[in-house]
Amino acid sequence: MALIVAKFGGTSVASPERIQKVAQRLIAKKQEGHDVVAVVSAMGKTTDELVALAASVNTSPAKREMDMLLSTGEQVSMALLAMAIQARGYQAVSYTGWQAGIATDDNYSSAKIDNIDTHRIREGLETGAIVVVAGFQGITTEGDITTLGRGGSDTTAVALACGISADVCEIYSDVDGIYSADPRVAPRARKLDVVSYDDMLELSSEGAGVLQARAVEFARKYKVVIHSRSAFSDAEGTLIKEVAPSMEQAVISGIAHDTSEMKITMRGLHDEPGIAAKVFSILASNNVSVDMIIQNVSTDGKANISFTFPGSQKENAMEAVNRAAEMLDASQILIDENIAKVSLVGTGMKSSPGVAARAFKTLAENEINILMISTSPIRISVVVDGSQVEAAVRCLHTAFGLDSDTIFEETQLSAEEIAAKMNKGR
Ligand code: ASP
Ligand code: MG
């Protein structure tokens with residue numbers, strides 16, 4: 001008998017039918033003798049809809065009120081799931097973030113969990129109930145509701161798994177595990193059986209959307225084993241856990257890509273101490289999170305600086321850069337909205353020289369121009385033109401021997417097909 005935390009994302013609880021399927025699935029676990037704590041996201045696109053709703057009454061709503069609003073999405077799905085379980089004759093109890101004892105700081109919209117008082121969850125489990133917890137939310141010491149940042153239900157699940165010392169934290173979504181690349185872009189991508197925390201963290205940070213990076217960081221810190229798997233099938237997914245380095249380790253575990261960033265170049269800056277400091281202080285004060293930076297020095301004592309940042313922060317970034325340009329007398333500002341970052345990730349890179357050379361050569365052979373490069377000990381990222389992202393991912397995937405023999409086919413399953421699939425093997 002195991003203690004399992006099972007998190008279901010928005011797609012998995014998008015409709016009453018899907019909530020019923022989740023209920024069935026949790027009951028099946030209960031019947032196998034396991035203790036189960038479910039964590040749910042808001043149904044489908046609810047959170048996005050709530051964000052839009054807020055914008056329709058206030059263009060810059062207070063973060064406290066925003067969290068108040070967004071936390072309601074998860075409250076709907078948790079109650080419905082508990083009811084669906086009860087309708088099948090099983091015990092269930094739902095808890096909001098505060099009822100589940102999730103205490104956070106007061107950094108609204110991206111609060112951090114300080115501690116979890118698990119006594120209520122334990123009590124629920126002791127009565128034999130399936131405990132259902134709203135993801136993505138917590139409470140401050142003052143008693144105000146907070147949210148943990150978009151995609152934060154993953155973090156709730158991992159934190160709870162840690163708090164109650166669960167055997168595994170299962171994260172169910174519409175994909176059946178972690179792939180060596182996004183299979184919609186690289187159809188020869190393969191599903192990985194195991195990924196180390198370090199590799200997963202880089203993959204998540206560099207654009208692999210399956211798991212929230214913060215959740216992986218949390219899992220790594222507290223050694224919580226994550227099982228990323230499909231809500232629509234019984235197939236084994238991917239385990240994210242500590243992996244001992246092995247001789248046969250692949251050099252590259254996976255390739256992530258991210259098309260959400262933009263690039264700004266400031267030209268004709270004076271090449272003297274303190275200029276970069278000014279530019280990036282102004283950007284920081286405008287809350288722009290800068291990712292990659294390059295500076296090149298030209299011969300006439302003028303330098304160019306380019307950097308990338310999340311496209312969603314374009315307005316703040318442009319405002320900051322215009323201000324900086326005026327102050328520092330830059331000659332030109334260029335923005336490139338259509339770029340993509342492609343990242344090769346693998347702990348195996350550490351012990352295998354020549355990865356960068358092989359990557360750059362592969363891109364060159366495919367006539368893909370590199371706009372920027374950045375590296376960490378286990379990652380090489382390049383920025384390329386947005387129109388070449390698919391080609392870049394595919395050729396690198398092939399060059400590093402990651403291609404599988406089978407071709408991934410994207411299936412847009414209807415609710416009935418999903419139901420049929422899920423009933424199989426039951
Ligand atoms: N519902 C929240 C979001 O859409 C949290 C989550 O899904 O994990 O970001
Ligand atoms: Mg989500």
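We count ligands from 1, going down the list as the structure has it; atoms in each ligand are counted the same way.
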Run the contact test for [X] against ligand 1 with a 4.0 Å cut-off on heavy atoms, strictly below, and give the result.
X: G152; answer: yes
X: E74; answer: yes
X: G151; answer: yes

Got a salt bridge between K21 and E17, using NZ or NE/NH1/NH2 to carboxylate O under 4.0 Å?
no

Looking only at heavy atoms, the pair that brings H227 and V168 closest together is CB-CG2, 3.9 Å

Does T47 reach ligand 1 with a nitrogen or oxygen that is under 3.5 Å from one of the ligand's nitrogen or oxygen atoms?
yes

Do S153 and ligand 1 have an N or O pair less than 3.5 Å apart?
yes

Tested for side-chain contact (heavy atoms from CB on, under 4.5 Å) against L160, the lone hit among V224, I113, I116, T155 is I116

Considering only residues two or more places apart or on different chains, which pairs with a residue in residues 105-115 satisfy side chain to side chain donor-acceptor pair (under 3.5 Å)?
Y108-D144

Only pairs at least two apart or in different chains count here, so list each salt bridge (charged side-chain N to carboxylate O under 4.0 Å, His left out) that has a residue in residues 33-54.
K30-D35, D48-R150

F8 and Y172 aromatic ring geometry - parallel, tilted or perpendicular at 30°/60° bounds:
parallel

With atoms numbered from 1 as shown, which atoms in ligand 1 lie under 4.0 angstrom from a non-hydrogen atom of S41?
6 (C), 7 (O), 8 (O)

What atoms in ligand 1 come closer than 4.0 Å to a heavy atom of R150?
3 (C), 4 (O), 9 (O)

